[in-house]
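Quick notes on the structure that follows.
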Amino acid sequence: MAEPLAPVPDPAPGAPAPVPAARANSATRTVRLLLRLDRAAHRRWFLPALGVFPLSDYVLPVLPNQMLLIGLSALHPRRWRVIALTFVAASVLGAFLVATAVHAAGPWLLDTVGAVAPGRAELREVAGLVERHGGWALAALALLPWTPRAAVVMCALAGIPPWTVALAVLAGRPLPVTLLALAGAKAPALLRRSRRIDRVLAEVDARRVRVG
């Protein structure tokens, strides 16, 4: 007969709640990315390297782009404007490239790269908006903090030209990107009220001190 499992002890009063393994691993990856970009902040290839992340966000939605934007702006508050501009430019370029690829390849491209394309349910949710409002729907969705992947795809499938798609993203992305970068540069104490942000920035600060 198997021995009964020992009961899990309750956490001590005032102790922080345990962090799920998946979330902890994600935070660790974010810290590593922030540290690598932080070390390269004054090199010539820093901005092109930084732009790879929002550019890739259309096909790699697991990248912690919002956290990178906030974290780098908090670490380099004097450069928050150029960091925000890099994110906007890369996001616009990514939208143009995705729309061009969908125009050239057609709907079968979504089945071929189904592992990284927006989910079918997500596409259906924005299809009606795009059908009714066209590029204006994409511009509105680009005002949200995250990349409007599904809206870009649906606009391309609806036959909206890639340049129009890019301009719609350009109309919306500057506002949320600027607000996130500005918050990271000017109000880091306010952002640290979020446990996730505070955990990441505290670990980055600790490692910077050790390395320095």
Side-chain angles (χ1 to χ4, degrees), residues 25-105 109-110 112-119 122 138 141-153 155-156 162-163 165-185 196-197 200-201 203-204 207-208 211:
N25 291 337
S26 176
T28 300
R29 288 194 296 269
T30 303
V31 169
R32 290 173 180 170
L33 285 174
L34 276 173
L35 286 171
R36 289 175 181 173
L37 290 170
D38 177 52
R39 295 190 192 106
H42 299 290
R43 299 187 179 182
R44 294 181 179 179
W45 48 268
F46 167 67
L47 293 178
L50 178 61
V52 169
F53 292 92
L55 178 65
S56 303
D57 202 20
Y58 290 93
V59 293
L60 295 173
V62 296
L63 294 175
N65 287 305
Q66 284 74 30
M67 182 61 72
L68 291 179
L69 175 60
I70 293 171
L72 287 172
S73 298
L75 295 173
H76 303 276
R78 294 182 179 180
R79 304 189 68 187
W80 72 267
R81 292 180 180 83
V82 71
I83 291 172
L85 180 60
T86 300
F87 265 75
V88 171
S91 185
V92 172
L93 177 59
F96 176 78
L97 294 177
V98 168
T100 300
V102 173
H103 267 269
L109 179 64
L110 299 181
T112 304
V113 295
V116 295
E122 186 180 357
L138 173 57
L141 292 171
L143 291 169
L144 298 174
W146 46 85
T147 302
R149 306 177 194 91
V152 167
V153 171
C155 284
W163 278 111
V165 171
L167 289 175
V169 173
L170 179 60
R173 291 310 290 160
L175 179 60
V177 170
T178 299
L179 290 177
L180 290 174
L182 185 60
R196 180 169 177 261
I197 294 176
V200 169
L201 292 181
E203 187 171 349
V204 169
R207 294 194 185 189
R208 290 176 90 193
V211 172

Q: Identify the heavy atoms of His76 and Asp38 that sit nearest to each other, and give their distance.
A: NE2-OD1, 2.6 Å
Q | Backbone of Val31 reached by a side-chain donor or acceptor of Glu203 within 3.5 Å | A | no
Q | Leu143 to Gly172 - nearest heavy-atom pair and separation | A | CD2-O, 3.4 Å
Q) Is the backbone N or O of Ser91 less than 3.5 Å from a side-chain atom of Tyr58, with the two atoms forming a donor-acceptor pair by type? A) yes
Q: Could you tell me the separation between the CG atom of Asp57 and the CG atom of Leu63, rounded to the nearest 0.5 Å?
A: 6.0 Å
Q. Side chain to side chain contact (heavy atoms under 4.5 Å, CB included) with Thr178: which residues, sequence neighbours excluded?
A. Trp80
Q.
My understanding is that only residues two or more places apart in sequence, or in another chain, count here; which of them pass side chain to side chain contact (heavy atoms under 4.5 Å, CB included) with Leu37?
A. Phe46, Leu50, Phe53, Leu68, Leu72
(Q) Using 0.5 Å steps for rounding, measure from the CG atom of Leu182 to the CD1 atom of Ile83. (A) 12.0 Å
Q | Side-chain donor or acceptor of Arg79 paired with backbone N/O of Ser73 under 3.5 Å | A | no
Q: For Arg173 and Pro148, work out which heavy atoms get closest and say how close.
A: CD-CD, 4.2 Å
Q: Determine the minimum heavy-atom distance between Thr100 and Pro162, stating which atoms define it.
A: OG1-CB, 3.5 Å
Q | Interatomic distance, Leu93 atom CG to Leu55 atom CG [nearest 0.5 angstrom] | A | 5.0 Å
Q | Shortest non-hydrogen separation from Ala151 to Leu141 and the atoms involved | A | CB-CD1, 3.5 Å
Q | Taking every non-hydrogen atom, the tightest pair across Leu69 and Ala84 | A | CD1-CA, 4.4 Å
Q. What's the spacing between Gln66 CD and Thr147 OG1 if we round to 0.5 Å?
A. 6.5 Å
